[in-house]
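Just so it is clear, the values below take in all heavy atoms, side chains as well, and ignore hydrogens, waters and symmetry mates. Indexing begins at 1, ligand by ligand and atom by atom, following the structure's order.
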Amino acid sequence: EKAQIGVTGLAVMGRNLARNFARHGHTVALHNRSYGRTKELVEQFGHEGTFIPAETAEEFVASLERPRRVVIMVKAGGPTDAVIDEFAPLLEPGDMLIDAGNAHYLDTRRREAALKEKGLHFVGAGVSGGEEGALHGPSIMPGGPKESYDALGPLLEDIAAKVDGEPCCVHVGPDGAGHFVKMVHNGIEYADMQLIAEAYDLLRQVGGHEPGEIAEIFSGWNEGRLGSYLIEITAEVLKQVDAASGKPFVDIVLDQAEQKGTGRWTVQAALDLGVPVSGIAESVFARALSGGADVRKAAADAGLPGPSAAAAHPGDLQADVEQALFASKIVAYAQGFQQIQAASKEYDWEIDPGAMAKIWRAGCIIRAKFLDFIKQAYDKQPELATLLVDDYFLDAVSGAQDAWRRVVATSAAHGIPSPGFSSALAYYDGLRAERLPAALIQGQRDFFGAHTYRRVDKPGSFHTLWATDDRTEIES
Ligand code: NDP
């Protein structure tokens, strides 16, 4: 008997993906650089399905039916290239290498182009949901050639999370599209987490609530429109009490957020595409600020002063924070989706944004009720310029904005950082502004660099001769 699919790289993610395939009745070939992990998997979980363990790459390749489907689940970067170099010479035209790790989409583009020359299909597939997702049903975002999806899609759809029987897996687009979308998913995840953290901070510092009480507030919100995995686990974390000290768990954790890099990649890519993903950028910078222990210590030593006194919040703080959180979340998602659309245009990926919202509804970290509305918005209008103008989101933001402004004002007055809430509001106000001070910037640019400007009243480019006495305007 031959295997329908093989997995190489059997650390926590690869092992669980392999088990997931086997539990769905597929025969799974197994391989790992060091054989120990392969043996261990078969010993511990061999009873869950049919596995064909292989010690060498050659044995592994020989055990697969054609076209061969090889899932690579190793450390991203150099290790992925090493594995590709090892397997590519053993494969035949039409075979598929599926990189399910967190690769950078530009690496995926490079790898796909190189393997195409050998007639091999390279599929960069984003996989979200951590180890539990990999085992019980992740959200899967495969890119690569469309033809490969015919032979690969049904297997991936089998193991993906389901919503009302529909799999959270779709062909995202060619080459790096899948990894790009996975990257933006992670960027949005950063923004979501930052906004939730700001909500907690305000409820605690301005509202005077204890972590246990805030856990209750989040549990309540989880029943409403904010209902999502991240809100749910936030309540769990806030409820946790440290066994050793008896203190709230959140108080014994060092307040320096770490990152593995996909948020940073999202912002770097957004800068190149010229898309203002301020929500994601602020969340990456907020982590960087938290981790900058030396600078924070210098600030503490110097005693950077906070406000002398601040008035109480002029409203129902809890209700207002819920509104600010929801509105800011809408902005962060609108920006992330705009980035996906911009990349899709840039690379001719033809990504359907509604389908992305659809496959994020389960399995992944940002799964939420909210995504149904995003899907509906793009179903109604596939070319939607921004989610903010869709009826549902427009209503939500108009309903939230007074509360949102009060929350941002309160955080500023109390000296509590809310980069997520405030930058989202600034973005919103920037979008709706009839006139932006960008006109003045154009004037400055023309003054010092003769960069020219356009006029509101006639077409063409103009330059003012700033150095002359009469400062005449010329058409350029
Ligand atoms: P790791 O990222 O820790 O990678 C370990 C695996 O990579 C082992 O199988 C290891 O083999 C193999 N490996 C490392 N270097 C090489 C090399 N030079 N040649 C061949 N194999 C090598 O494993 P994870 O399971 O945590 O993650 C796998 C991938 O999934 C990563 O790209 C990660 O970013 C991504 N991912 C992880 C998630 C998570 O929650 N952990 C979620 C979503 C994606 P050996 O046993 O011989 O050392």
Side-chain angles (χ1 to χ4, degrees), residues 6-21 28-45 53-58 60-61 70-90 97-108 111 122-143 156 159-161 168-169 172 176 178-190 193 229-230 233 258-266 359-360 362-367:
V7 180
T8 181
L10 300 173
V12 42
M13 288 295 288
R15 179 181 63 200
N16 282 358
L17 276 185
R19 292 171 60 197
N20 193 346
F21 280 119
V28 187
L30 301 174
H31 177 264
N32 191 66
R33 177 176 61 177
S34 45
Y35 188 59
R37 283 197 205 267
T38 313
K39 230 172 75 189
E40 197 182 289
L41 196 167
V42 177
E43 279 165 13
Q44 287 183 18
F45 306 107
E55 262 195 88
T56 66
E58 287 79 4
F60 176 72
V61 167
V70 176
V71 175
I72 304 171
M73 204 37 156
V74 300
K75 229 180 236 331
T80 304
D81 281 316
V83 171
I84 292 171
D85 290 346
E86 183 179 11
F87 281 96
L90 306 175
L97 276 169
I98 303 112
D99 177 13
N102 267 335
H104 193 284
Y105 75 102
L106 293 176
D107 284 337
T108 302
R111 289 167 182 150
F122 184 71
V123 176
V127 176
S128 178
E131 51 182 296
E132 283 300 297
L135 183 60
H136 300 293
S139 171
I140 311 181
M141 296 150 253
L156 297 182
I159 65 155
C168 292
C169 173
V172 173
H179 276 142
F180 188 91
V181 163
K182 169 70 198 319
M183 175 188 80
V184 176
H185 162 284
N186 286 25
I188 291 175
E189 172 187 312
Y190 275 56
M193 292 167 73
Y229 173 70
L230 282 171
I233 66 163
E258 296 178 20
Q259 48 185 320
K260 288 206 293 193
T262 40
R264 184 174 64 235
W265 288 353
T266 310
I359 64 172
W360 290 347
C364 66
I365 305 298
I366 65 170
R367 58 186 184 258

Nearest-0.5 Å distance, [atom1] of residue [X] to [atom2] of residue [Y]:
X      : Y      : atom1 : atom2 : value
Asp107 : Thr80  : CG    : OG1   : 8.5 Å
Arg111 : Leu106 : CZ    : CG    : 11.0 Å
Ile84  : Thr8   : CD1   : OG1   : 11.0 Å
Arg19  : Leu10  : CZ    : CG    : 12.0 Å
Ile366 : Glu189 : CD1   : CD    : 7.5 Å

Residue, atom name and distance, where the atom is the protein heavy atom closest to [atom]:
atom                    : answer
atom 47 (O) of ligand 1 : Ser34 OG, 2.8 Å
atom 6 (C) of ligand 1  : Ala11 CB, 3.9 Å
atom 20 (C) of ligand 1 : Val83 CG2, 3.5 Å
atom 42 (C) of ligand 1 : Met13 CE, 3.5 Å
atom 28 (C) of ligand 1 : Met73 O, 3.7 Å
atom 9 (O) of ligand 1  : Asn32 OD1, 2.7 Å

Exercise. Which heavy atom of Ser128 sits nearest a heavy atom of Lys182, and at what distance?
Worked result: CB-CE, 3.7 Å

[X] versus ligand 1: do any nitrogen or oxygen atoms come within less than 3.5 Å of each other?
X      : answer
Lys260 : no
Gly130 : no
Lys182 : no

So if I count the atoms of ligand 1 from 1 in the order they appear, which ones are less than 4.0 Å from some heavy atom of [X]?
X      : value
Val127 : 43 (C), 44 (C)
Ala76  : 32 (O)
Gly9   : 9 (O)
Asn102 : 32 (O), 34 (O), 35 (C), 36 (N), 44 (C)

From the options [options], select the one whose nearest heavy atom is closest to [atom].
atom                    : options                      : answer
atom 32 (O) of ligand 1 : Val12, Asp99, Leu10, Val74   : Val74
atom 16 (C) of ligand 1 : Arg33, Arg15, His31          : Arg33
atom 8 (C) of ligand 1  : Glu132, Glu131, Arg37, Lys75 : Arg37

Exercise. What do the steps show when you test Glu40 against Phe45 for side chain to side chain contact (heavy atoms under 4.5 Å, CB included), and what is the final call?
Worked result: CA-CA 8 Å; Glu40 197 182 289; Phe45 306 107; over 6 Å; no

Problem set entry | Ring geometry between Trp360 and His185 (parallel below 30°, tilted from 30 to 60°, perpendicular above 60°) | perpendicular

Problem set entry | More than 12 heavy atoms of other groups within 6.0 Å of Tyr35 OH | yes

Exercise. Taking the six-membered ring where the residue is Trp, are the ring centres of His31 and Phe60 under 6.0 Å apart?
Worked result: yes

